[in-house]
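What follows is one structure encoded as structure tokens, with my remarks underneath.
Nothing here was measured: the structure is a model prediction, and the numbers come from that model.
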Amino acid sequence: MTTTMPSHNPVRNQVLRTAYQKSVADYWNAEKDPVNIRLGEVDGLFHHHYGIGDYDPSVLEGPEETREQRIIEEMHRLETAQADVLLDHLGDITPDDRIQDTGSGRGGTSFMANARFGCHVDGVSISEQQVDFANAQARERGVDDKVRFHFRNMLDTGFESGSLRASWNNESTMYVDLFELFSEHSRLLEYGGRYVTITGCYNDVTGGRSKAVSRIDEHYTCNIHPRSAYFRAMAANNLVPINVVDLTAATIPYWELRAQSQVATGVEDPFLTAYKEGSFHYLLIAADKV
């Protein structure tokens, strides 16, 4: 059953400014993809991103009746490892600091950040369903005094300028204009604050979107940016990269394992093709606000 929020909802119309934003919100409000739900059920951390690192080949061996569960658990380990790498690059965070998970999904990375740093975390999503789910998770975990999720637009969050020590996007930048996005992050971050993104971007050297990258765009109703656009938009908004890590080779094993899973969605082949032909990169970029 597809969930579509009424168009006359004044709050929704204030948050979602364009028809495209409304279509993206509708997609995520209706999304109940097993590749996200079943992996989250392993330990209660629900992610909306991919994984990195080599998988344990033994999960493909052993009793057939437990093979799929072994694959699910291993994929979840790899996606949690990806979130850990992102958090590793946020810098020094204290329990008194406030940080933001931009495009927070069902909240997995926000809860990991709070558990690691003890800090305040605000998650932002244009999906009312995701916000409700994540806030319920925060209450169940007993951390709703420090971890809260908000139905807001990442391009105009309404939070106070200079109020954040750190912020991030984990695979959500391809839904927005990068100059507008980094302008908002720059506004929110204190001087010296840290911004981190992990994202897929197409390779400028290949001269545009490959067929495989276009198929990924179509699958997720997104608009993958070229690699160069990230650095131009950061430079225009006082964000200076301090670390750039190419995670392309590290994410390929996740996709190879996912392709052998019952929760495969059909987008695995375009990802593997794009990564292996070099038309698509999986990057971590960490930048400081100056």
Might you point out which heavy atoms bring [X] and [Y] nearest each other, and give the distance in Å?
{"X": "Cys201", "Y": "Tyr230", "value": "CB-CE1, 3.8 Å"}
{"X": "Ser161", "Y": "Arg187", "value": "OG-NH1, 2.8 Å"}
{"X": "Ile93", "Y": "Ala166", "value": "CD1-CB, 3.9 Å"}
{"X": "Arg106", "Y": "Lys32", "value": "NH2-CA, 4.3 Å"}
{"X": "Cys119", "Y": "Ala113", "value": "SG-O, 4.2 Å"}
{"X": "Gln260", "Y": "Leu60", "value": "OE1-CD1, 3.6 Å"}

Distance only, no hydrogens: is a donor on one side chain within 3.5 Å (strictly under) of an acceptor on the other, for [X] and [Y]?
{"X": "Asp204", "Y": "Ser228", "answer": "yes"}
{"X": "Ser261", "Y": "Glu68", "answer": "yes"}
{"X": "Asp97", "Y": "His120", "answer": "no"}
{"X": "His185", "Y": "Asn169", "answer": "yes"}
{"X": "Ser127", "Y": "Asn29", "answer": "yes"}
{"X": "His47", "Y": "Asn36", "answer": "no"}
{"X": "Ser23", "Y": "Asp26", "answer": "no"}
{"X": "Glu73", "Y": "His76", "answer": "no"}
{"X": "Thr199", "Y": "Thr173", "answer": "yes"}
{"X": "Asp56", "Y": "Ser58", "answer": "yes"}
{"X": "Ser163", "Y": "Arg98", "answer": "no"}

Is there a ring pair (Phe, Tyr, Trp, His ring centres under 6.0 Å) between Phe280 and Tyr275 once you walk through the steps?
CA-CA 5 Å; Phe280 193 43; Tyr275 284 140; 5.1 Å; yes
Tell me if a side-chain donor or acceptor on [X] pairs with a main-chain N or O of [Y] at a distance below 3.5 Å.
{"X": "Asp246", "Y": "Thr248", "result": "yes"}
{"X": "Thr273", "Y": "Asp269", "result": "yes"}
{"X": "Gln130", "Y": "Gly103", "result": "no"}

Quick test of your reading: applying side-chain hydrogen bond (donor to acceptor under 3.5 Å, both in side chains), list the pairs with at least one residue in residues 206-221, sequence neighbours left out, ordered by first then second residue.
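Listed by first then second residue: Tyr50-Tyr220, Arg209-Asp217, Arg209-Asn223, Ser210-Glu277, Ser210-Ser279.
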Report the distance from atom [atom1] of [X] to atom [atom2] of [Y], rounding to the nearest 0.5 Å.
{"X": "Thr80", "Y": "Met112", "atom1": "OG1", "atom2": "CE", "answer": "5.5 Å"}
{"X": "Arg67", "Y": "Glu61", "atom1": "CZ", "atom2": "CD", "answer": "10.0 Å"}
{"X": "Arg141", "Y": "Lys146", "atom1": "CZ", "atom2": "NZ", "answer": "16.0 Å"}

Side-chain donor-acceptor pairs under 3.5 Å in residues 282-290, sequence neighbours left out?
unit_1, atom_1, unit_2, atom_2, d
Tyr282, OH, Gln82, NE2, 2.8
Tyr282, OH, Glu171, OE2, 2.4
Asp288, OD1, Arg194, NE, 2.4
Asp288, OD1, Arg194, NH2, 3.2
Lys289, NZ, Ser186, O, 2.7
Lys289, NZ, Leu189, O, 3.2

Ring pair (Phe, Tyr, Trp, His ring centres under 6.0 Å) assessment of Phe111 paired with Phe149
CA-CA 11 Å; Phe111 296 124; Phe149 299 89; 5.5 Å; yes
